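All values reported here derive from a predicted model rather than from experimental measurement. Atom set for the values below is all heavy atoms of this structure, side chains included, hydrogens, waters and symmetry mates excluded.
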Amino acid sequence: MKVGLGFDVHAFAPSRRLVLGGVEIPGHAGLSGHSDADVLCHAIGDALLGAAGLGDLGSNFPSDETWAGASSLEILRVAAERVADKGLAIDGIDATVVAEEPRLGPFQAEMRTTIATALSVDPDNVSIKVTSTDGLGSIGRGEGIASMAVAVLSPLG
């Protein structure tokens, strides 16, 4: 078994749409970033790559023209392919989104399904949780959103 940990945080950018777990969240400012700035997908991708010994998200998906404005679901698909190319299967993803606003509970199930589809795994192998910081720190002040994730991998077969 191999385990990886991922973390990402982005500041709000009012001119962008908010995408988390591949799901567009209506009525709220988006996040600043080179791709679609989906912090949930980025944390999961980082966890997957780390567990497989493939480095981090930035070294695999650099901030160049190739990934400018890219869908983070595509980044997850490519990360999952790289994990499989190393002879590893995704056994589990456990991720948490940390946001004061917007309230994300109504979107959790769709995020879980969308991420599972991108990774080609059963939705039962993906857990998406949401929490706030109860007003503490930059997230609590509404400056952005963070996410953390753990990925568990095992040999294929």
Side-chain angles (χ1 to χ4, degrees), residues 4-51 56-83 90-153:
L5 175 67
F7 176 79
D8 196 33
V9 62
H10 287 273
F12 283 118
S15 63
R16 297 189 69 176
R17 63 190 182 98
L18 180 59
V19 179
L20 295 170
V23 176
E24 187 165 348
I25 311 300
H28 202 280
L31 298 169
S32 176
H34 187 69
S35 65
D36 62 8
D38 184 333
V39 295
L40 177 54
C41 286
H42 292 182
I44 292 169
D46 219 19
L48 287 167
L49 293 167
D56 60 23
L57 203 67
S59 61
N60 280 269
F61 304 96
S63 295
D64 62 17
E65 299 260 336
T66 305
W67 299 102
S71 164
S72 293
L73 288 177
E74 181 60 22
I75 290 171
L76 275 187
R77 283 186 202 85
V78 173
E81 287 173 6
R82 292 178 184 177
V83 165
I90 301 168
D91 288 335
I93 300 292
D94 183 30
T96 303
V97 179
V98 185
E100 209 66 28
E101 288 291 331
R103 294 294 186 205
L104 299 171
F107 303 97
Q108 280 176 273
E110 186 178 359
M111 288 180 205
R112 178 181 182 208
T113 301
T114 302
I115 289 167
T117 300
L119 297 175
S120 298
V121 300
D122 190 298
D124 287 344
N125 291 3
V126 177
S127 172
I128 305 299
K129 303 179 304 292
V130 297
T131 192
S132 73
T133 62
D134 292 326
L136 297 175
S138 61
I139 302 297
R141 289 189 300 272
E143 296 175 18
I145 296 177
S147 186
M148 60 195 99
V150 174
V152 178
L153 311 177

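For the pair Asn60/Val78, no side-chain contact is recorded, criterion being any heavy-atom separation below 4.5 Å from C-beta on. Side-chain contact between Phe107 and Val97: absent, with no pair of heavy atoms (C-beta onward) separated by less than 4.5 Å. No side-chain heavy atom of Val126 sits under 4.5 Å from any side-chain heavy atom of Met111. Looking only at side-chain heavy atoms (C-beta outward), Val9 and Val39 stay at 4.5 Å or farther from each other. The shortest side-chain heavy-atom distance between Ile115 and Leu40 falls under the 4.5 Å cut-off. Inter-residue side-chain proximity for Ile90 and Leu153 is flagged as met; some heavy-atom pair is nearer than 4.5 Å.
Atoms CZ and NE2, from Phe61 and His42 in turn, are 9.5 Å apart once rounded to the nearest 0.5 Å. The structure places OG1 of Thr113 at 10.0 Å from CG of Asp122, a figure rounded to the nearest 0.5 Å. Of the inter-residue distances, the one linking Leu73 atom CG with Ile44 atom CD1 reads 9.5 Å to the nearest 0.5 angstrom. One finds the CD atom of Glu110 at 10.5 Å from the CD atom of Glu24 (value rounded to the nearest 0.5 Å).
Here the side chain of Arg112 pairs no donor or acceptor atom with the backbone of Ile128 at under 3.5 angstrom. Side-chain atoms of Thr133 come within 3.5 Å of backbone atoms of Gly140 as a donor-acceptor pair (strictly under, hydrogens ignored). Listed for the Ser147 side chain is a donor-acceptor partner under 3.5 Å among the backbone atoms of Thr96. One N or O on the side chain of Asp38 and one on the backbone of Gly22 form a donor-acceptor pair closer than 3.5 Å. For Arg16 (side chain) and Gly33 (main-chain N/O), a donor-acceptor pair under 3.5 Å exists by modelled atom type. Of the possible donor and acceptor atoms, one in the side chain of Glu100 sits under 3.5 Å from a partner among the backbone N and O of Gly135. Ser59 places a side-chain N or O within donor-acceptor distance of the main-chain N or O of Asp56, the cut-off being under 3.5 Å. Without hydrogens or angle criteria, Asp36 side chain to Ser72 main chain gives a donor-acceptor distance under 3.5 Å. Within the 3.5 Å criterion, the main-chain N or O of Leu57 finds a donor-acceptor partner in the side chain of Asp46.
Here the shortest heavy-atom pairing between Pro123 and Ala116 reads CA-CB, 3.7 Å. The two residues Ala47 and Gly6 make their nearest non-hydrogen contact at CB-N, 3.6 Å. Across all their heavy atoms, Ile93 and Ala151 have their closest contact at CD1-CB, 3.7 Å. Gly4 and Ala51 get closest at one heavy-atom pair: N-CB, 3.3 Å. Heavy-atom minimum distance, Ile25 versus Pro102: CG2-CG, 3.9 Å. Residues Ser35 and Ile75 come closest through the heavy atom pair CB-CD1, 4.3 Å.
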Passes side-chain contact (heavy atoms from CB on, under 4.5 Å), Val83 versus Leu119? Steps please. CA-CA 10 Å; Val83 165; Leu119 297 175; over 6 Å; no
Start with the C-alpha gap between Leu31 and Leu18, add the side-chain angles, then the distance that decides, and say whether side-chain contact (heavy atoms from CB on, under 4.5 Å) holds. CA-CA 6 Å; Leu31 298 169; Leu18 180 59; 3.8 Å; yes
Pair Met148, Val98 - check side-chain contact (heavy atoms from CB on, under 4.5 Å), show working. CA-CA 8 Å; Met148 60 195 99; Val98 185; 3.8 Å; yes
List the steps, then state whether side-chain contact (heavy atoms from CB on, under 4.5 Å) holds for Lys129 with Asp94. CA-CA 8 Å; Lys129 303 179 304 292; Asp94 183 30; 2.5 Å; yes
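Summarising the local packing, CD of Gln108 is surrounded by more than 12 heavy atoms from other residues, nucleotides or ligands at distances under 6.0 Å.
Using bins of under 30°, 30° to 60° and over 60° for the plane-to-plane angle, the ring pair His28/Phe12 lands in the tilted bin.
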